[in-house]
Student: 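Structure below; questions to follow.
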Amino acid sequence: MFRSLHMKLTLILLLLITSLMAVVGAFLTINVSSFFTNTFYQQIDSVFGADQREFVASLRGEAAQEDGAARIRDMLELTAGKLGIDYRTRNYFVLDGETGAYLNGSADESAMPREQSPNLLTARNAVLRRDELGIGDVSDITADYMDAAIPIFGGGNAFIIYILDNRDTVSGLNEQLFVIIMQALVIGLLISVLLSFLLSKTMVGPIEKLTAGAEKMASGDFGSALPVESTDEIGILTGTFNEMAGVLQATLAAVENERNKLDTLFLHMTDGVVAFSHEGKLIHCNPAANDMLQRPVGPECSYDELFGAVYPFREMLALQRPNFAEGEMEAGEKTLEVYLAPFSDRERGGVLIVLHDVTEQHRNEERRKEFVANVSHELRTPLTNVRTYAETLRDAEGDIPQPTANSFLDIIITETDRMTHIVQDLLTLSRLDRGDAELVLSRFPFAEAIRSVVRSSALSARQRGHELTCGDLSHLPLIVGDRSRLEQVMVNILGNAIKYTPDGGRIRVLAGCEEDSVWMEVWDNGIGIPEKDRERIFDRFYRVDKARSRESGGTGLGLSIAREIVQRHHGVIALAPHEGPGTSIRMTLPIAQGRGCRTTED
């Protein structure tokens, strides 16, 4: 109920007015009572005081008479005005000094209090002591009356003049003051309620606008500025609020921009990024991390489940920046390098993990090692043969028959040619890898190039008893390419079919065209390629049958060179579907080369 600022201001003003009126009322009541009390005793002193010795002496003279009480009464009547005697609320009484009995007065005995007051007892004690100064004039603001008792001695008589005021005047005045104060309080409360509402309206209105503006800001609306309607503190607060809204909007925009940058970076970066909270719960995982881990990574995944084997979580949190940890893990067929670091030194920090896929690097390293081993092996075998036959010829010292020596020399020449072919093929692959082997592009008939290769290979096919046939080539268009390089590829494909097909086999050369490409396919019924080797036949130095390949003079680099040349022409060379024993290899080439090819046109 009192949570509203309107009600609080109203309640404060009401309490303030009530407290003020209560203080004023108490002050007036006490001061009125004090005023009447002081006035009463001043009047007593003005008649019976030390400066009124003649009047007191006259009273003593009258007291010495037989009818002293009546005579004293007559003299008091003469001073009734000075004593404030009104015969209603204030009266005087003449009492017997020894007993305190009523003798005479302005009112009958019933007007006196039932019990003798302290002032009356003081005067009676003074009579007993014959003390003329023993006047009882002590005021008691808590009593419901005011009184004064003056002992009078004359001759052998002793009387007490007792002045009594029942305070009805004071009580009536106080009642009137109370009524006035209550009326003023009611009017003041009404005015305070009205003023409080006006004041609260003046104060709360801008505050309510500020509240509405803050709610808009909380909902993300920073566009509407609040009007500054005054130059007081609330106006200054409104202006400051508008400035704060502008700064906050700029700050949030900058934060949002940075967050978008980070989101875009995390979304498209090739490295995986995974973040965990201080409790080890997942708080972020980008798509690259999902792909690398080869499993769905959801909020239910924990650090221990994913990376606990790489580095313990608690030890990771204990690291101080810029320290970090690294390790390696296997995820399916992938090998991942893992970098781990705490991203905050505070208690509510966590762990950030970056994943780098090094599978291809490991494969390349393995291929490099395999390549070096293959080159070493391919060169070592002919070098060993050359060394062996050369040493035999040297050590024979002419004892070997000339035909045998010539046979040894032929072997040395053959092995030397083989090493030369290996080196040339390696140089060709190296130039293709570096992009140094530029293509000499020209427009030429694709069919004529196929016929030329078939004619040059016909003799080798007949020597092995193969049936070499060529399909219809009349419908093939002109293409753009390096004719000599493409004929090298065709010779390699067709030569492999002739070499690896047992004598008396069948070999067919087929060709065709599509909308923007041409293709050539060599089909044979030879030894074929096992399923496990089909993905590696284009690797360098890879042979399905190593012994047969060496016997036929192959280097194991022909298909690798063919693939590099076809890829430089933006084409594809691959195994084609084949039914029955044998192999089919198809080469597909675009009819026209793209602009991105770095070549020299003929």
Student: Regarding Glu330 and Lys334, does a basic nitrogen lie under 4.0 Å from an acidic carboxylate oxygen?
Tutor: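 Here Glu330 does not pair with Lys334 in a salt bridge, since their nearest N and O are not under 4.0 Å apart.
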Student: Counting distance only, does the side-chain N/O of Thr588 pair as donor-acceptor with the main-chain N or O of Trp519 below 3.5 Å?
Tutor: no
Student: Determine whether Leu478 and Phe444 make a side-chain contact, defined as any pair of heavy atoms from C-beta on separated by less than 4.5 Å.
Tutor: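 Sidechains of Phe444 and Leu478: no contact.
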Student: Give a yes or no answer on whether the side chain of Ser452 reaches the backbone of Glu448 with a donor-acceptor pair at less than 3.5 Å.
Tutor: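 It does not hold such a pair.
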Student: Taking atom CZ of Arg387 as the centre, report whether more than 12 heavy atoms of other residues, nucleotides or ligands fall under 6.0 Å from it.
Tutor: no
Student: A side-chain contact here means heavy atoms from C-beta on lying under 4.5 Å apart; do Ile450 and Met490 qualify?
Tutor: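 Answer yes - side chains close enough.
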Student: Walk me through it: do Leu510 and Met520 pass the test side-chain contact (heavy atoms from CB on, under 4.5 Å)?
Tutor: CA-CA 6 Å; Leu510 307 173; Met520 168 195 170; over 6 Å; no
Student: Should Ile527 and Thr501 count as side-chain neighbours, where that means a heavy-atom distance under 4.5 Å?
Tutor: no
Student: How many angstroms lie between CD in Glu467 and CG in Asp524, if you round to the nearest 0.5 Å?
Tutor: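 Here the rounded value is 13.0 Å.
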Student: If you define the side chain from C-beta out and look only at heavy atoms, does anything of Leu293 sit under 4.5 Å from Met329?
Tutor: yes
Student: Should Leu355 and Val273 be marked as a side-chain contact (heavy atoms from CB on, under 4.5 Å) after you check the CA-CA gap, both sets of side-chain angles, and the distance that decides it?
Tutor: CA-CA 6 Å; Leu355 305 176; Val273 178; over 6 Å; no
Student: Tell me yes or no: between the side chains of Ser302 and Asp304, is some donor less than 3.5 Å from an acceptor?
Tutor: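 Note: Ser302 and Asp304 side chains miss the donor-acceptor criterion.
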Student: Compute whether any side-chain donor of one residue and acceptor of the other, for Tyr303 and Glu305, lie under 3.5 angstrom apart.
Tutor: no
Student: Could you tell me if the side chain of Leu336 sits less than 4.5 Å from the side chain of Val358, heavy atoms only?
Tutor: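 Counting from C-beta outward, Val358 and Leu336 never come under 4.5 Å.
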Student: Could you tell me whether the side chain of Asp503 and the main chain of Gly465 form a donor-acceptor pair under 3.5 Å?
Tutor: no
Student: Run Asp410 and Asn406 through side chain to side chain donor-acceptor pair (under 3.5 Å) and show every step you take.
Tutor: CA-CA 6 Å; Asp410 289 339; Asn406 291 336; over 6 Å; no
Student: Classify the angle between the aromatic ring planes of Phe307 and Phe276 as parallel (below 30°), tilted (30 to 60°) or perpendicular (above 60°).
Tutor: perpendicular
